[in-house]
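Step one of this worksheet: look at the structure below.
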2 protein chains.
Amino acid sequence: MRGVDRVLQLLEVLHTAREPLRIGELARRLNAPRSTTYDLVNTLLAAGILETYEEESRVFFGRTLHFYASDYMNGHRLSRLARKEVQDLCAGTGQTSQYCALTRDKFTVLHMETGNAMFKISSDIGIALPLPWTASGRLLVDHMTADEILAFVPEEDFILPNGHRIDRATFCAEVAAARRDDFFSTKGLVDDFAECLAVPVRDAAGVAVGCMCLITVRDRDPDERGRYLDQLHASGERLSRALSIKAG
Amino acid sequence: MRGVDRVLQLLEVLHTAREPLRIGELARRLNAPRSTTYDLVNTLLAAGILETYEEESRVFFGRTLHFYASDYMNGHRLSRLARKEVQDLCAGTGQTSQYCALTRDKFTVLHMETGNAMFKISSDIGIALPLPWTASGRLLVDHMTADEILAFVPEEDFILPNGHRIDRATFCAEVAAARRDDFFSTKGLVDDFAECLAVPVRDAAGVAVGCMCLITVRDRDPDERGRYLDQLHASGERLSRALSIKAG
DNA sequence: GACAATTGTCCTATATACTGGACATATATC
DNA sequence: GATATATGTCCAGTATATAGGACAATTGTC
(Lines give C-alpha, C1' and ligand atoms only; values in the text may rest on other atoms or scores of the structure.)
Protein backbone atom coordinates (compact mmCIF):
# COMPACT_ATOMS: atom_id res chain seq x y z
CA MET A 1 0.00 0.00 0.00
CA ARG A 2 1.00 3.57 -0.71
CA GLY A 3 2.90 5.53 1.93
CA VAL A 4 0.74 8.62 1.59
CA ASP A 5 -2.45 6.66 2.20
CA ARG A 6 -0.86 4.94 5.17
CA VAL A 7 0.05 8.32 6.64
CA LEU A 8 -3.49 9.61 6.24
CA GLN A 9 -4.83 6.44 7.88
CA LEU A 10 -2.28 6.79 10.65
CA LEU A 11 -3.40 10.33 11.45
CA GLU A 12 -7.03 9.23 11.48
CA VAL A 13 -6.21 6.39 13.87
CA LEU A 14 -4.54 8.85 16.26
CA HIS A 15 -7.49 11.25 15.95
CA THR A 16 -9.94 8.46 16.77
CA ALA A 17 -7.79 7.20 19.64
CA ARG A 18 -7.61 10.76 21.02
CA GLU A 19 -4.47 9.92 22.97
CA PRO A 20 -0.82 9.09 22.31
CA LEU A 21 -0.22 5.53 21.07
CA ARG A 22 2.79 3.25 21.07
CA ILE A 23 4.17 2.50 17.64
CA GLY A 24 3.44 -1.20 17.94
CA GLU A 25 -0.16 -0.44 18.78
CA LEU A 26 -0.33 1.95 15.83
CA ALA A 27 0.95 -0.75 13.47
CA ARG A 28 -1.68 -3.15 14.80
CA ARG A 29 -4.56 -0.72 14.32
CA LEU A 30 -3.32 0.16 10.85
CA ASN A 31 -2.82 -3.46 9.81
CA ALA A 32 0.55 -2.26 8.57
CA PRO A 33 3.94 -3.95 8.81
CA ARG A 34 5.92 -2.73 11.79
CA SER A 35 8.87 -1.76 9.64
CA THR A 36 6.69 0.48 7.47
CA THR A 37 5.08 2.03 10.51
CA TYR A 38 8.46 2.82 12.07
CA ASP A 39 9.61 4.37 8.84
CA LEU A 40 6.55 6.56 8.44
CA VAL A 41 6.41 7.59 12.09
CA ASN A 42 10.08 8.61 12.03
CA THR A 43 9.51 10.66 8.90
CA LEU A 44 6.52 12.38 10.50
CA LEU A 45 8.42 12.96 13.75
CA ALA A 46 11.25 14.63 11.83
CA ALA A 47 8.70 16.93 10.18
CA GLY A 48 7.04 17.79 13.52
CA ILE A 49 3.72 16.39 12.32
CA LEU A 50 4.00 13.93 15.19
CA GLU A 51 5.77 14.26 18.53
CA THR A 52 6.75 11.76 21.21
CA TYR A 53 4.79 11.82 24.44
CA GLU A 54 5.17 10.28 27.90
CA GLU A 55 8.83 9.38 28.15
CA GLU A 56 9.24 9.11 24.38
CA SER A 57 7.36 5.83 24.30
CA ARG A 58 4.25 7.07 22.53
CA VAL A 59 3.45 9.32 19.60
CA PHE A 60 0.70 11.86 18.98
CA PHE A 61 0.09 15.00 16.97
CA GLY A 62 2.85 17.59 16.85
CA ARG A 63 3.50 21.28 16.72
CA THR A 64 3.68 21.54 12.94
CA LEU A 65 -0.02 20.68 12.71
CA HIS A 66 -0.72 23.57 15.06
CA PHE A 67 1.12 25.85 12.64
CA TYR A 68 -0.78 24.57 9.62
CA ALA A 69 -4.10 24.88 11.46
CA SER A 70 -3.22 28.48 12.25
CA ASP A 71 -2.69 29.06 8.53
CA TYR A 72 -6.05 27.42 7.88
CA MET A 73 -7.76 29.84 10.26
CA ASN A 74 -6.03 32.82 8.69
CA GLY A 75 -7.02 31.74 5.20
CA HIS A 76 -10.52 30.42 5.81
CA ARG A 77 -12.84 33.37 6.24
CA LEU A 78 -15.97 31.52 7.38
CA SER A 79 -14.10 29.48 9.96
CA ARG A 80 -12.51 32.64 11.36
CA LEU A 81 -15.84 34.46 11.57
CA ALA A 82 -17.53 31.42 13.09
CA ARG A 83 -14.90 31.17 15.80
CA LYS A 84 -15.50 34.78 16.73
CA GLU A 85 -19.26 34.25 16.83
CA VAL A 86 -18.81 31.23 19.11
CA GLN A 87 -16.60 33.24 21.46
CA ASP A 88 -19.02 36.17 21.52
CA LEU A 89 -22.07 33.97 22.01
CA CYS A 90 -20.43 32.20 24.93
CA ALA A 91 -19.33 35.51 26.45
CA GLY A 92 -22.84 36.96 25.99
CA THR A 93 -24.75 34.01 27.44
CA GLY A 94 -22.29 32.18 29.67
CA GLN A 95 -23.40 28.97 27.96
CA THR A 96 -21.36 26.47 25.98
CA SER A 97 -21.45 27.53 22.33
CA GLN A 98 -20.43 25.68 19.19
CA TYR A 99 -20.15 26.01 15.46
CA CYS A 100 -20.82 22.70 13.74
CA ALA A 101 -20.82 21.36 10.21
CA LEU A 102 -21.06 18.21 8.12
CA THR A 103 -17.97 16.05 7.65
CA ARG A 104 -18.97 13.47 5.05
CA ASP A 105 -22.20 11.99 6.48
CA LYS A 106 -21.49 12.90 10.09
CA PHE A 107 -21.83 15.86 12.44
CA THR A 108 -18.65 17.51 13.72
CA VAL A 109 -17.94 20.44 16.03
CA LEU A 110 -15.55 22.95 14.42
CA HIS A 111 -15.41 25.53 17.19
CA MET A 112 -16.43 25.36 20.82
CA GLU A 113 -16.28 27.68 23.79
CA THR A 114 -17.18 26.11 27.12
CA GLY A 115 -19.47 28.11 29.39
CA ASN A 116 -19.84 28.17 33.16
CA ALA A 117 -22.28 25.29 33.37
CA MET A 118 -20.59 22.00 33.99
CA PHE A 119 -21.82 19.51 31.45
CA LYS A 120 -19.88 16.46 30.57
CA ILE A 121 -18.77 17.41 27.09
CA SER A 122 -19.87 14.55 24.90
CA SER A 123 -18.69 16.12 21.67
CA ASP A 124 -15.17 17.34 21.10
CA ILE A 125 -13.75 19.30 18.18
CA GLY A 126 -13.47 17.14 15.08
CA ILE A 127 -15.14 14.06 16.56
CA ALA A 128 -17.68 12.63 14.12
CA LEU A 129 -21.15 11.92 15.53
CA PRO A 130 -24.25 10.49 13.82
CA LEU A 131 -26.53 13.26 12.56
CA PRO A 132 -29.65 11.98 14.43
CA TRP A 133 -27.86 12.44 17.75
CA THR A 134 -27.83 16.23 17.44
CA ALA A 135 -30.13 19.18 16.87
CA SER A 136 -27.76 20.52 14.20
CA GLY A 137 -28.06 17.19 12.43
CA ARG A 138 -31.61 18.11 11.39
CA LEU A 139 -30.63 21.49 9.96
CA LEU A 140 -27.55 20.26 8.15
CA VAL A 141 -29.59 18.01 5.83
CA ASP A 142 -32.64 20.25 5.45
CA HIS A 143 -31.92 20.95 1.78
CA MET A 144 -32.47 17.26 0.96
CA THR A 145 -35.68 15.39 0.18
CA ALA A 146 -36.79 12.63 2.55
CA ASP A 147 -35.41 10.01 0.16
CA GLU A 148 -32.09 11.77 -0.13
CA ILE A 149 -31.84 12.03 3.65
CA LEU A 150 -32.51 8.33 4.17
CA ALA A 151 -29.94 7.46 1.50
CA PHE A 152 -27.44 9.85 3.05
CA VAL A 153 -27.64 8.90 6.74
CA PRO A 154 -26.32 5.38 7.45
CA GLU A 155 -28.87 2.96 8.91
CA GLU A 156 -26.93 2.42 12.17
CA ASP A 157 -26.74 6.18 12.85
CA PHE A 158 -30.42 6.20 13.87
CA ILE A 159 -29.55 4.29 17.04
CA LEU A 160 -28.89 6.64 19.94
CA PRO A 161 -26.05 6.08 22.43
CA ASN A 162 -28.65 4.77 24.91
CA GLY A 163 -29.71 2.08 22.44
CA HIS A 164 -33.06 3.65 21.52
CA ARG A 165 -33.79 3.76 17.78
CA ILE A 166 -35.07 6.94 16.14
CA ASP A 167 -37.84 6.35 13.61
CA ARG A 168 -36.72 7.37 10.14
CA ALA A 169 -40.01 9.00 9.18
CA THR A 170 -39.96 10.96 12.44
CA PHE A 171 -36.44 12.15 11.66
CA CYS A 172 -37.48 13.35 8.20
CA ALA A 173 -40.43 15.20 9.72
CA GLU A 174 -38.10 16.86 12.19
CA VAL A 175 -35.82 17.93 9.33
CA ALA A 176 -38.83 19.49 7.58
CA ALA A 177 -39.75 21.34 10.79
CA ALA A 178 -36.16 22.54 11.17
CA ARG A 179 -36.22 23.91 7.62
CA ARG A 180 -39.56 25.64 8.24
CA ASP A 181 -38.46 27.26 11.55
CA ASP A 182 -34.81 27.89 10.73
CA PHE A 183 -34.28 26.34 14.14
CA PHE A 184 -34.23 23.04 15.97
CA SER A 185 -33.78 22.06 19.59
CA THR A 186 -33.31 18.74 21.34
CA LYS A 187 -33.70 17.91 24.99
CA GLY A 188 -31.83 15.12 26.71
CA LEU A 189 -30.20 13.82 23.56
CA VAL A 190 -26.53 14.48 24.39
CA ASP A 191 -27.06 14.80 28.14
CA ASP A 192 -30.21 14.11 30.20
CA PHE A 193 -30.21 17.60 31.68
CA ALA A 194 -29.18 19.55 28.59
CA GLU A 195 -31.10 21.30 25.88
CA CYS A 196 -29.31 21.96 22.61
CA LEU A 197 -30.47 24.95 20.54
CA ALA A 198 -29.34 25.16 16.92
CA VAL A 199 -29.75 27.65 14.07
CA PRO A 200 -28.44 27.29 10.51
CA VAL A 201 -25.77 29.23 8.67
CA ARG A 202 -26.96 29.25 5.07
CA ASP A 203 -25.08 29.99 1.87
CA ALA A 204 -26.52 32.11 -0.95
CA ALA A 205 -28.36 29.02 -2.27
CA GLY A 206 -30.02 28.46 1.12
CA VAL A 207 -28.08 25.29 1.95
CA ALA A 208 -27.05 25.01 5.60
CA VAL A 209 -23.25 24.90 5.48
CA GLY A 210 -23.04 24.98 9.27
CA CYS A 211 -24.89 25.56 12.53
CA MET A 212 -24.48 27.76 15.55
CA CYS A 213 -25.41 25.85 18.71
CA LEU A 214 -25.98 26.73 22.30
CA ILE A 215 -26.10 24.12 25.03
CA THR A 216 -28.01 24.98 28.17
CA VAL A 217 -29.88 23.30 31.03
CA ARG A 218 -33.40 21.99 30.34
CA ASP A 219 -36.47 23.84 31.54
CA ARG A 220 -34.63 27.08 32.04
CA ASP A 221 -36.56 30.25 32.81
CA PRO A 222 -38.40 31.06 29.52
CA ASP A 223 -37.28 34.68 29.52
CA GLU A 224 -33.65 33.73 29.76
CA ARG A 225 -34.04 31.02 27.14
CA GLY A 226 -35.68 33.62 24.91
CA ARG A 227 -32.73 35.97 25.28
CA TYR A 228 -30.33 33.15 24.44
CA LEU A 229 -32.39 32.31 21.37
CA ASP A 230 -32.32 35.90 20.15
CA GLN A 231 -28.55 36.04 20.43
CA LEU A 232 -28.20 32.67 18.76
CA HIS A 233 -30.39 33.70 15.81
CA ALA A 234 -28.51 36.96 15.44
CA SER A 235 -25.27 35.01 15.33
CA GLY A 236 -26.47 32.61 12.66
CA GLU A 237 -27.86 35.45 10.56
CA ARG A 238 -24.60 37.43 10.73
CA LEU A 239 -22.71 34.40 9.45
CA SER A 240 -25.26 33.71 6.70
CA ARG A 241 -25.04 37.32 5.59
CA ALA A 242 -21.23 37.25 5.57
CA LEU A 243 -21.37 34.13 3.44
CA SER A 244 -23.75 35.65 0.89
CA ILE A 245 -21.71 38.83 0.58
CA LYS A 246 -18.67 36.74 -0.24
CA ALA A 247 -20.58 34.76 -2.86
CA GLY A 248 -22.46 37.76 -4.32
CA MET B 1 11.00 10.62 -4.85
CA ARG B 2 8.75 9.22 -2.16
CA GLY B 3 5.14 10.38 -1.99
CA VAL B 4 5.25 10.95 1.76
CA ASP B 5 8.24 13.27 1.47
CA ARG B 6 6.58 15.12 -1.37
CA VAL B 7 3.49 15.65 0.78
CA LEU B 8 5.55 17.04 3.65
CA GLN B 9 7.35 19.37 1.24
CA LEU B 10 4.04 20.40 -0.26
CA LEU B 11 2.64 21.39 3.13
CA GLU B 12 5.78 23.36 3.92
CA VAL B 13 5.52 25.20 0.61
CA LEU B 14 1.94 26.20 1.42
CA HIS B 15 2.96 27.27 4.92
CA THR B 16 5.76 29.42 3.54
CA ALA B 17 3.50 30.88 0.85
CA ARG B 18 0.89 31.69 3.55
CA GLU B 19 -1.83 31.82 0.92
CA PRO B 20 -3.72 29.46 -1.39
CA LEU B 21 -1.72 28.38 -4.46
CA ARG B 22 -2.69 27.02 -7.85
CA ILE B 23 -1.69 23.43 -8.44
CA GLY B 24 0.62 24.33 -11.31
CA GLU B 25 2.40 26.85 -9.11
CA LEU B 26 2.68 24.22 -6.39
CA ALA B 27 4.29 21.76 -8.78
CA ARG B 28 6.78 24.42 -9.86
CA ARG B 29 7.79 25.31 -6.31
CA LEU B 30 8.11 21.63 -5.43
CA ASN B 31 10.13 20.76 -8.52
CA ALA B 32 7.68 17.90 -8.84
CA PRO B 33 6.03 16.50 -11.97
CA ARG B 34 2.59 17.94 -12.49
CA SER B 35 1.02 14.49 -12.65
CA THR B 36 2.41 13.60 -9.23
CA THR B 37 1.30 16.91 -7.79
CA TYR B 38 -2.25 16.45 -9.05
CA ASP B 39 -2.33 12.96 -7.60
CA LEU B 40 -1.11 14.03 -4.18
CA VAL B 41 -3.27 17.14 -4.00
CA ASN B 42 -6.38 15.13 -4.86
CA THR B 43 -5.55 12.58 -2.18
CA LEU B 44 -5.06 15.35 0.37
CA LEU B 45 -8.26 17.11 -0.72
CA ALA B 46 -10.24 13.90 -0.22
CA ALA B 47 -8.80 13.62 3.29
CA GLY B 48 -9.64 17.25 4.12
CA ILE B 49 -5.97 18.03 4.75
CA LEU B 50 -6.27 20.54 1.92
CA GLU B 51 -9.29 22.47 0.68
CA THR B 52 -10.00 24.46 -2.48
CA TYR B 53 -10.15 28.23 -2.17
CA GLU B 54 -11.25 31.09 -4.37
CA GLU B 55 -13.53 29.49 -6.93
CA GLU B 56 -11.89 26.08 -6.61
CA SER B 57 -8.83 27.24 -8.50
CA ARG B 58 -6.40 27.23 -5.57
CA VAL B 59 -5.61 24.94 -2.66
CA PHE B 60 -4.65 25.63 0.93
CA PHE B 61 -4.87 23.97 4.33
CA GLY B 62 -8.12 22.26 5.26
CA ARG B 63 -10.41 21.53 8.14
CA THR B 64 -8.88 18.18 9.06
CA LEU B 65 -5.68 19.94 10.13
CA HIS B 66 -7.77 22.11 12.44
CA PHE B 67 -9.11 18.91 14.02
CA TYR B 68 -5.66 17.40 14.45
CA ALA B 69 -4.30 20.63 15.92
CA SER B 70 -7.15 20.58 18.41
CA ASP B 71 -6.07 17.08 19.44
CA TYR B 72 -2.51 18.37 19.76
CA MET B 73 -3.66 21.10 22.14
CA ASN B 74 -5.66 18.64 24.20
CA GLY B 75 -2.75 16.24 24.47
CA HIS B 76 0.15 18.66 24.85
CA ARG B 77 0.10 19.98 28.40
CA LEU B 78 2.77 22.69 28.05
CA SER B 79 1.23 24.11 24.89
CA ARG B 80 -2.17 24.26 26.55
CA LEU B 81 -0.80 26.00 29.66
CA ALA B 82 1.24 28.39 27.54
CA ARG B 83 -1.80 29.39 25.51
CA LYS B 84 -3.66 30.23 28.70
CA GLU B 85 -0.73 32.27 30.01
CA VAL B 86 -0.59 34.21 26.74
CA GLN B 87 -4.32 34.95 26.94
CA ASP B 88 -4.10 36.01 30.58
CA LEU B 89 -1.02 38.15 30.03
CA CYS B 90 -2.69 39.95 27.14
CA ALA B 91 -5.87 40.44 29.16
CA GLY B 92 -3.86 41.73 32.14
CA THR B 93 -1.66 44.17 30.21
CA GLY B 94 -3.59 44.96 27.05
CA GLN B 95 -0.35 44.30 25.15
CA THR B 96 0.41 41.76 22.45
CA SER B 97 1.65 38.60 24.16
CA GLN B 98 3.35 35.54 22.74
CA TYR B 99 4.74 32.17 23.66
CA CYS B 100 7.74 31.28 21.49
CA ALA B 101 10.10 28.36 21.06
CA LEU B 102 12.84 26.93 18.88
CA THR B 103 11.97 25.12 15.68
CA ARG B 104 15.23 23.59 14.47
CA ASP B 105 17.61 26.57 14.43
CA LYS B 106 14.93 29.24 14.15
CA PHE B 107 12.56 31.20 16.35
CA THR B 108 8.81 30.55 16.01
CA VAL B 109 5.72 31.94 17.71
CA LEU B 110 3.49 29.16 19.07
CA HIS B 111 0.76 31.27 20.63
CA MET B 112 -0.14 34.91 20.23
CA GLU B 113 -2.83 37.19 21.54
CA THR B 114 -2.96 40.62 19.93
CA GLY B 115 -3.40 43.59 22.28
CA ASN B 116 -4.94 47.00 21.71
CA ALA B 117 -1.82 48.64 20.34
CA MET B 118 -1.68 48.57 16.58
CA PHE B 119 1.66 47.21 15.55
CA LYS B 120 2.23 45.72 12.19
CA ILE B 121 2.61 42.09 13.22
CA SER B 122 5.90 41.00 11.71
CA SER B 123 5.79 37.52 13.19
CA ASP B 124 2.92 35.13 12.69
CA ILE B 125 2.28 31.75 14.31
CA GLY B 126 4.66 29.12 12.98
CA ILE B 127 6.73 31.46 10.82
CA ALA B 128 10.43 30.76 11.28
CA LEU B 129 12.63 33.80 12.02
CA PRO B 130 16.40 34.01 12.60
CA LEU B 131 17.23 33.90 16.32
CA PRO B 132 19.23 37.17 16.31
CA TRP B 133 16.14 39.07 15.16
CA THR B 134 14.34 38.50 18.46
CA ALA B 135 14.74 38.97 22.20
CA SER B 136 13.63 35.38 22.79
CA GLY B 137 16.37 34.25 20.44
CA ARG B 138 18.95 35.10 23.12
CA LEU B 139 17.20 33.12 25.84
CA LEU B 140 16.47 30.09 23.71
CA VAL B 141 20.17 29.31 23.20
CA ASP B 142 21.42 30.38 26.64
CA HIS B 143 22.29 26.80 27.66
CA MET B 144 24.94 26.67 24.91
CA THR B 145 28.57 27.78 24.98
CA ALA B 146 29.64 30.59 22.65
CA ASP B 147 31.13 28.03 20.25
CA GLU B 148 27.98 25.95 20.25
CA ILE B 149 25.88 29.05 19.59
CA LEU B 150 28.00 30.11 16.62
CA ALA B 151 27.85 26.58 15.22
CA PHE B 152 24.09 26.47 15.77
CA VAL B 153 23.00 29.81 14.30
CA PRO B 154 23.50 30.00 10.52
CA GLU B 155 25.86 32.73 9.32
CA GLU B 156 23.22 34.58 7.31
CA ASP B 157 20.85 34.77 10.29
CA PHE B 158 22.99 37.52 11.83
CA ILE B 159 21.84 39.93 9.13
CA LEU B 160 18.80 41.91 10.24
CA PRO B 161 15.86 42.66 7.91
CA ASN B 162 17.23 46.20 7.51
CA GLY B 163 20.53 44.83 6.21
CA HIS B 164 22.59 45.62 9.32
CA ARG B 165 24.81 42.78 10.51
CA ILE B 166 24.89 41.78 14.19
CA ASP B 167 28.36 41.06 15.50
CA ARG B 168 28.69 37.44 16.54
CA ALA B 169 30.66 38.17 19.71
CA THR B 170 28.08 40.80 20.70
CA PHE B 171 25.34 38.26 20.21
CA CYS B 172 27.10 35.71 22.44
CA ALA B 173 27.58 38.38 25.12
CA GLU B 174 23.86 39.19 24.93
CA VAL B 175 23.04 35.50 25.36
CA ALA B 176 25.23 35.42 28.48
CA ALA B 177 23.44 38.50 29.84
CA ALA B 178 20.07 36.91 29.09
CA ARG B 179 21.09 33.79 31.02
CA ARG B 180 22.30 35.89 33.97
CA ASP B 181 19.13 38.04 34.13
CA ASP B 182 16.55 35.42 33.12
CA PHE B 183 15.36 38.19 30.85
CA PHE B 184 16.16 39.99 27.62
CA SER B 185 14.62 42.93 25.82
CA THR B 186 15.13 44.44 22.40
CA LYS B 187 14.10 47.83 21.13
CA GLY B 188 13.34 48.54 17.52
CA LEU B 189 14.33 45.11 16.25
CA VAL B 190 10.97 43.94 14.90
CA ASP B 191 9.43 47.37 14.67
CA ASP B 192 11.05 50.78 15.13
CA PHE B 193 8.59 51.79 17.82
CA ALA B 194 8.30 48.46 19.65
CA GLU B 195 10.08 47.02 22.62
CA CYS B 196 10.00 43.26 23.01
CA LEU B 197 10.31 41.86 26.55
CA ALA B 198 11.09 38.15 26.93
CA VAL B 199 11.47 35.74 29.86
CA PRO B 200 12.41 32.05 29.65
CA VAL B 201 10.36 28.97 30.45
CA ARG B 202 12.92 26.48 31.76
CA ASP B 203 12.69 22.72 32.17
CA ALA B 204 14.01 20.89 35.24
CA ALA B 205 17.52 20.93 33.73
CA GLY B 206 17.40 24.72 33.33
CA VAL B 207 17.21 24.68 29.54
CA ALA B 208 14.88 27.31 28.07
CA VAL B 209 12.27 25.29 26.21
CA GLY B 210 10.28 28.40 25.40
CA CYS B 211 9.79 32.11 26.10
CA MET B 212 6.93 34.31 27.16
CA CYS B 213 7.08 37.64 25.33
CA LEU B 214 5.33 40.93 25.61
CA ILE B 215 5.46 43.52 22.85
CA THR B 216 4.90 47.12 23.84
CA VAL B 217 5.72 50.65 22.70
CA ARG B 218 9.26 51.94 23.37
CA ASP B 219 9.98 54.38 26.17
CA ARG B 220 6.76 53.65 27.97
CA ASP B 221 6.15 55.05 31.46
CA PRO B 222 8.64 53.13 33.71
CA ASP B 223 5.98 52.26 36.28
CA GLU B 224 3.74 50.70 33.69
CA ARG B 225 6.64 48.86 32.09
CA GLY B 226 7.56 47.58 35.57
CA ARG B 227 4.06 46.21 36.09
CA TYR B 228 4.17 44.50 32.72
CA LEU B 229 7.53 42.97 33.59
CA ASP B 230 6.24 41.62 36.89
CA GLN B 231 3.32 39.94 35.19
CA LEU B 232 5.59 38.58 32.46
CA HIS B 233 8.03 37.10 34.97
CA ALA B 234 5.18 35.56 36.98
CA SER B 235 3.90 33.98 33.80
CA GLY B 236 7.26 32.48 32.88
CA GLU B 237 7.80 31.17 36.38
CA ARG B 238 4.38 29.51 36.51
CA LEU B 239 5.15 27.67 33.29
CA SER B 240 8.65 26.68 34.46
CA ARG B 241 7.19 25.34 37.68
CA ALA B 242 4.49 23.38 35.83
CA LEU B 243 7.19 21.86 33.65
CA SER B 244 9.34 20.77 36.61
CA ILE B 245 6.40 19.21 38.40
CA LYS B 246 5.65 17.15 35.34
CA ALA B 247 9.30 16.05 35.07
CA GLY B 248 9.87 15.52 38.83
C1' DG C 1 16.10 -15.70 37.19
C1' DA C 2 13.60 -17.60 33.36
C1' DC C 3 9.94 -16.44 30.10
C1' DA C 4 7.23 -13.73 27.22
C1' DA C 5 6.24 -9.72 24.70
C1' DT C 6 7.70 -5.56 22.84
C1' DT C 7 10.92 -2.25 20.80
C1' DG C 8 13.95 -0.56 17.43
C1' DT C 9 17.16 -1.56 13.43
C1' DC C 10 18.63 -3.66 9.30
C1' DC C 11 18.15 -6.36 5.16
C1' DT C 12 16.59 -8.13 0.45
C1' DA C 13 13.14 -9.08 -3.28
C1' DT C 14 9.28 -7.68 -5.72
C1' DA C 15 5.12 -5.36 -6.42
C1' DT C 16 3.90 -0.76 -7.57
C1' DA C 17 4.05 4.15 -7.09
C1' DC C 18 6.14 7.74 -9.40
C1' DT C 19 7.85 9.82 -13.53
C1' DG C 20 7.48 11.98 -17.89
C1' DG C 21 5.13 12.61 -21.73
C1' DA C 22 0.95 13.12 -24.72
C1' DC C 23 -3.53 14.90 -25.13
C1' DA C 24 -7.85 17.79 -25.10
C1' DT C 25 -9.82 21.98 -22.77
C1' DA C 26 -9.77 26.04 -20.84
C1' DT C 27 -8.07 30.66 -19.91
C1' DA C 28 -5.33 34.76 -20.74
C1' DT C 29 -2.62 38.09 -23.93
C1' DC C 30 -1.91 40.81 -27.85
C1' DG D 1 -8.79 35.30 -33.88
C1' DA D 2 -4.25 33.71 -33.40
C1' DT D 3 -0.67 32.70 -29.81
C1' DA D 4 0.77 31.43 -25.60
C1' DT D 5 0.20 29.50 -21.15
C1' DA D 6 -2.32 26.73 -17.83
C1' DT D 7 -5.50 22.97 -16.39
C1' DG D 8 -6.94 18.37 -15.72
C1' DT D 9 -6.75 13.40 -17.22
C1' DC D 10 -4.67 9.32 -18.82
C1' DC D 11 -1.03 5.96 -19.89
C1' DA D 12 3.13 2.69 -19.71
C1' DG D 13 8.04 1.62 -18.05
C1' DT D 14 11.16 1.60 -14.53
C1' DA D 15 13.30 3.11 -10.48
C1' DT D 16 12.31 2.35 -5.74
C1' DA D 17 9.43 2.21 -1.77
C1' DT D 18 7.21 -1.18 0.82
C1' DA D 19 6.52 -5.83 2.89
C1' DG D 20 8.17 -9.30 5.64
C1' DG D 21 11.28 -11.42 8.27
C1' DA D 22 15.56 -11.87 11.16
C1' DC D 23 18.00 -9.98 14.88
C1' DA D 24 19.55 -7.90 19.35
C1' DA D 25 18.08 -5.13 23.10
C1' DT D 26 14.72 -3.84 26.16
C1' DT D 27 10.83 -4.25 29.16
C1' DG D 28 7.38 -6.47 32.00
C1' DT D 29 5.53 -10.76 34.40
C1' DC D 30 5.37 -14.68 37.21
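Below, chains carry the letters A, B, ... as their sequence lines are ordered, and counting in each starts from 1.
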Residue pairs fulfilling ring-ring contact (aromatic ring centres under 6.0 Å, His included) with at least one residue in residues 128-156 of chain A, sequence neighbours excluded: none
Output all residues satisfying side chain to side chain donor-acceptor pair (under 3.5 Å) with [X], sequence neighbours left out; order by chain, then residue number.
X       : value
B/Thr64 : none
A/Arg80 : none
A/His66 : none

Test side-chain contact (heavy atoms from CB on, under 4.5 Å) applied to A/Leu44 - qualifying residues, sequence neighbours left out: A/Val7, A/Leu10, A/Ile49, A/Leu50, B/Leu8
Once side-chain contact (heavy atoms from CB on, under 4.5 Å) is applied, do any residues pair with B/Thr52, and if so which ones, sequence neighbours excluded? B/Leu45, B/Glu56, B/Val59
Quick one: which residue pairs count as a side chain to side chain donor-acceptor pair (under 3.5 Å) with a foot in residues 100-109 of chain B, not counting sequence neighbours? A/Arg63-B/Thr103, B/Thr103-B/Thr108, B/Lys106-B/Asp157
Return no unless some side-chain N or O of A/Arg6 is found under 4.0 Å from OP1 or OP2 of D/dA17. no
Are the side chain of B/Tyr53 and the backbone of B/Phe61 linked by a donor-acceptor contact shorter than 3.5 Å? yes
A/Arg168: salt bridge (Lys or Arg N to Asp or Glu O under 4.0 Å) partners, not counting sequence neighbours: A/Glu155
Taking only residues at least two apart or on different chains, which pairs with a member in residues 137-150 of chain A satisfy salt bridge (charged side-chain N to carboxylate O under 4.0 Å, His left out)? A/Arg138-A/Glu174, A/Asp142-A/Arg202
Distance check needed: D/dT18 P versus A/Met1 CE, whole Å only. 12 Å
Without decimals, in angstroms, what is the distance between A/Gln9 CD and D/dT18 C1'? 14 Å
Within residues 29-41 of chain B, residues whose heavy atoms come under 4.0 Å of DNA chain D: B/Arg34, B/Ser35, B/Tyr38
Contact boundaries of DNA chain C with chain A (under 4.0 Å, heavy atoms), 5' to 3'? C/dT7 to C/dC18
If you assign A/Ser57 and B/Arg2 each to the DNA chain C nucleotide with the nearest heavy atom, which residue ends up on the more 5' nucleotide? A/Ser57
Terminal axes of the helix from C/dG1-D/dC30 to C/dC30-D/dG1 (five pairs each): angle between them, nearest 10 degrees: 60°
